[in-house]
Amino acid sequence: MFDALQGWLSGYIFDWLAILITLLVQAIVVIMPLMLAVAYLTLAERKVIGFMQIRMGPNRVGTLGLLQPIADALKLMNKEIILPSQSNLYLFILAPTLAIAPAIAAWAVIPFNADGVVVSDINAGVLYVLAVSSIGVYGIIISGWASNSKYAFLGAMRASAQKISYEIAMGFALVTVLMVADSMNLTEIVNAQKGGMLNWLWVPLLPMFVVYFISGLAETNRAPFDVAEGESEIVAGFHVEYSGMAFAVFFLAEYAMMILISFMTAIMFMGGWLSPFEGIPLLEDMFAWVSGFIWLVLKVSFLLFLFLWFRATFPRYRYDQVMRLGWKVLIPVTIVWVFVVMIMEYFKFGPWFN
Amino acid sequence: MTFLEVIFYLLASIAIISGLMMISIKNPVQAALWLVLGFIATAGIWITAQAEFLGLVLILVYVGALMVLFLFVVMMLDVNITQIKERFTAYLPLGILTSIAIFAIMYMVIGPDRYGVDQMPVPKSMPADFSNTKLLAIPLYTEHAYAFVLAAVLLLVGIVAAITLTLRRRAPSVVLYQDIDKQVKVQRNDRFKIIKMDAVVEEDVKPIDEDEEGKK
C-alpha cells in the first residue's frame with residue numbers, strides 16, 4: 001500500500017521527497033493508534049488499580065469514565081508550563097522531547113501481523129529496539145540536570161544507574177532469544193515459534209522470560225522499581241519541576257515504553273501474532289477466523305495488565321535492593337542461561353529442533 | 001540527489017557541527033551532550049554505509065552506557081567554568097599546532113593516496129535482507145577467537161583492577177553496612193514475639209475532686 005503511495009508521489013515530486021512523505025505517513029499510521037492506546041492505558045490503569053483497591057476509579061467524564069483521558073489531556077494542554085528561572089532553558093525544554101522520541105522511534109521495527117505489516121523490516125530489529133530504547137535515559141538525565149533542583153537531580157542519578165544496570169540483563173535475555181530463533185529480525189523470531197503454545201519461546205527460555213519482563217519493569221521505571229520518581233523520598237524525582245504538557249510528554253513516553261516492552265515480550269516469548277490453539281484439532285478450526293493482530297493485542301493486553309497488577313501489589317523497592325536484584329540476581333541468571341542455551345545449541349539438544 | 005545522499009549530507013553536517021560545538025562550548029555537561037549527538041550522527045552514517053551492526057552497537061555501547069556514566073561523573077563535579085576558560089588564549093597556539101599535526105598524520109595515513117575514491121573499488125551493494133551481523137560473527141569467533149578471548153580477559157583485568165582500587169571497607173563504627181541476604185532471609189519470629197497475657201481488669205481511675213484540688 002505504501003509502495004503504491006510512494007510510486008504515485010514520485011510521479012509529481014522529487015524522489016527523495018516522495019520517500020520522505022511516505023515515511024512520514026507510515027510513522028503517523030503507527031503513532032496515532034499508539035497515542036490513543038497510551039491515553040486509554042492511563043484510564044485502564046486507574047480503573048484496574050481502583051477495582052483492586054475496591055474503589056470505582058474515574059467514572060464522571062463520559063459513560064464509565066471513558067472520556068477521562070481526553071479531559072486529562074485538555075486540562076494538561078491548558079496549563080502553564082513553568083520555566084524555573086535558574087534552569088538551563090534549552091535543555092529543560094529539550095528533555096521531554098528526548099524522552100519521547102526514542103519511545104516512538106523504536107516502533108519502526110515492531111511487526112504487527114504476519115505478511116510484513118511493519119514500517120521497516122530490518123534484519124537487526126532486536127538490536128535496533130535495544131539501542132534506541134537505551135537513548136531514552138537522556139531525557140531523564142537532562143531533565144534532572146537542567147531543572148536545577150536537588151530532587152530532580154537525585155531522581156536523574158537514580159534513573160541513569162538503574163537503566164544501565166537492567167539494560168545488561170535485558171540484552172543477555174535477548175541474546176538467548178536470537179540464539180534459539182537464529183535471527184535478529186522480529187518477524188523471523190515469531191515465525192521460529194510456529195506450532196502451538198509449547199513451541200513459544202517462553203517454555204525453553206522461562207527464566208529469560210521472567211528476567212526480561214522484570215528488567216522491562218525496571219527500564220520503564222514502573223512500580224515496584226519506580227525509585228526514579230519515588231514520591232515519598234524525592235517528591236516526584238526527575239520531573240518535579242515540569243508542569244502542563246511538558247510533564248504530560250514524560251508521561252506519554254513512560255506509557256509508550258510500557259506498551260513497547262509488552263509488544264517485545266509478546267513477540268519474543270509468547271509467539272507474537274500466532275494463535276495459541278495452533279495444532280489443537282478442534283480449537284484451531286474454531287478460532288481460525290481470529291486475525292493474528294487480535295492475538296497479538298490480547299497477549300499485549302495481558303502483559304500490560306501485569307504491569308498494572310504489579311503496581312497495585314508490590315511496595316517500592318529500596319534503592320540498594322534494586323541494584324542488588326539487577327547485578328547480583330538477574331545478570332548471573334542470564335549469564336548462566338546463555339551458557340545453558342549455548343550447550344543445548346551445540347549438542348542439537350533442544351525443543352526447537354523438531 | 002538521491003534520498004541516501006540527502007541523509008548522508010544531513011548526518012555528516014550534524015556530526016561536524018556537534019564535534020565543533022563539543023570542543024568550543026563552555027559547559028562540560030553540554031559538551032558531553034554534543035558528543036552524544038556526534039555519536040548518533042556517526043552511527044547513522046555507518047548504517048547508511050551498510051554497517052548496521054556496528055552503527056547500532058555504537059549507539060548501544062557509547063551512547064546508551066558509556067556517555068551516561070560520563071555525564072553522571074561530569075554532572076556531579078563542581079566545575080568552575082571561568083577557571084577552565086582562563087588560559088584558553090594562552091594555550092590556543094599550542095592547541096592549533098597539535099591539531100594541525102594530528103590532522104597531517106591522519107591525512108598521510110588515511111588520505112586519498114591510500115584510500116581515495118580511485119584506490120578503493122566501489123563496495124558491492126547488498127540486498128535489503130543481507131545480515132552483516134553473521135558475517136562479522138563467524139570470523140570473530142573462529143579465525144580471531146584468540147584475539148577475542150584476549151580482549152575479553154584484558155577487560156576483565158580492567159574491571160578487577162578498578163573494583164580493587166575503589167573497594168574499601170571501613171569499620172562498622174564509622175559506616176553502617178547492610179547485609180541484604182540477612183534482611184531478605186528474616187522471618188516473622190526473628191523480629192517480634194507474641195506474648196500471651198492474662199486479661200486483667202484495670203481498676204477505674206478515681207475521678208479527681210476539683211474542690212479538694214482547689215484547697216491544696
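Lettering of chains follows the sequences in order, A, B, ..., and the numbering in each one begins at 1.
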Quiz item: Looking at A/V137, A/I168, A/L130, which one has more heavy-atom pairs under 4.5 Å with chain B than the rest?
Solution: A/L130
Quiz item: Counting heavy atoms not belonging to A/Y151, are there more than 12 under 6.0 Å from its OH?
Solution: no
Practice problem: Against chain B, label A/A156 side chain, backbone, both or neither, depending on which of its atoms sit under 4.5 Å from a heavy atom there. | Solution: neither
Practice problem: Determine whether B/E52 and A/L127 make a side-chain contact, defined as any pair of heavy atoms from C-beta on separated by less than 4.5 Å. | Solution: no
Exercise. For each of B/L56, B/I47, B/I7, tally heavy-atom pairs with chain A at distances under 4.5 Å, and name the one with the top tally.
Key: B/L56
Pairs of donor and acceptor atoms involving the side chains of residues 95-110 of chain B, under 3.5 Å and at least two apart or interchain, shall be tabulated with distances.
from, atom 1, to, atom 2, distance (Å)
B/T98, OG1, B/L94, O, 2.6
B/S99, OG, B/G95, O, 3.1
B/S99, OG, B/I96, O, 2.8

Quiz item: Hey, what do you get for CZ (B/F72) to CD1 (A/I141), rounding to the nearest 0.5 Å?
Solution: 8.0 Å
Quiz prompt | Those residues that, when tested against A/L154, pass side chain to side chain contact (heavy atoms under 4.5 Å, CB included) (two or more places apart) | solution = A/I234
Exercise. Measure the shortest side-chain to side-chain distance between B/V29 and A/I142 over non-hydrogen atoms and say whether it is less than 4.5 angstrom.
Key: no
Practice problem: Heavy-atom distances under 4.5 Å only: say whether B/V36 touches chain A with side chain, backbone, both or neither. | Solution: side chain
Self-check item: Proximity of residues 316-330 of chain A to chain B, residues having a non-hydrogen atom under 4.5 angstrom
Solution: A/R318, A/D320, A/Q321, A/R324
Quiz item: Is it the side chain or the backbone of B/L71 that comes within 4.5 Å of chain A heavy atoms, both, or neither?
Solution: side chain
Exercise. Against chain A, label B/L4 side chain, backbone, both or neither, depending on which of its atoms sit under 4.5 Å from a heavy atom there.
Key: neither
Exercise. Write down the atom of A/E167, the atom of B/G64, and the distance for their closest heavy-atom approach.
Key: OE1-O, 4.0 Å
Quiz item: Side chain, backbone, both or neither: which part of A/L94 has a non-hydrogen atom closer than 4.5 Å to chain B?
Solution: neither
Exercise answer: donor-acceptor pairs, residues 101-111 of chain A side-chain atoms, under 3.5 Å, sequence neighbours excluded:
from, atom 1, to, atom 2, distance (Å)
A/W107, NE1, A/A103, O, 3.1

Practice problem: Let me know if B/I40 has heavy atoms under 4.5 Å from chain A in its side chain, its backbone, both or neither. | Solution: side chain
Quiz item: Run the side-chain contact (heavy atoms from CB on, under 4.5 Å) check on A/L91 and B/L33 step by step: do they pass?
Solution: CA-CA 10 Å; A/L91 290 180; B/L33 291 173; 3.8 Å; yes
Exercise. Calculate, to the nearest 0.5 Å, the distance between atoms OG and CE belonging to A/S134 and B/M67 respectively.
Key: 13.0 Å
Practice problem: Any chance you could measure A/Y138, atom OH, to B/L37, atom CG, to the nearest 0.5 Å? | Solution: 11.0 Å
Practice problem: To the nearest 0.5 Å, tell me how far A/I135 CD1 sits from B/I59 CD1. | Solution: 4.5 Å
Quiz item: Does OH belonging to B/Y62 count more than 12 external heavy atoms closer than 6.0 Å?
Solution: no
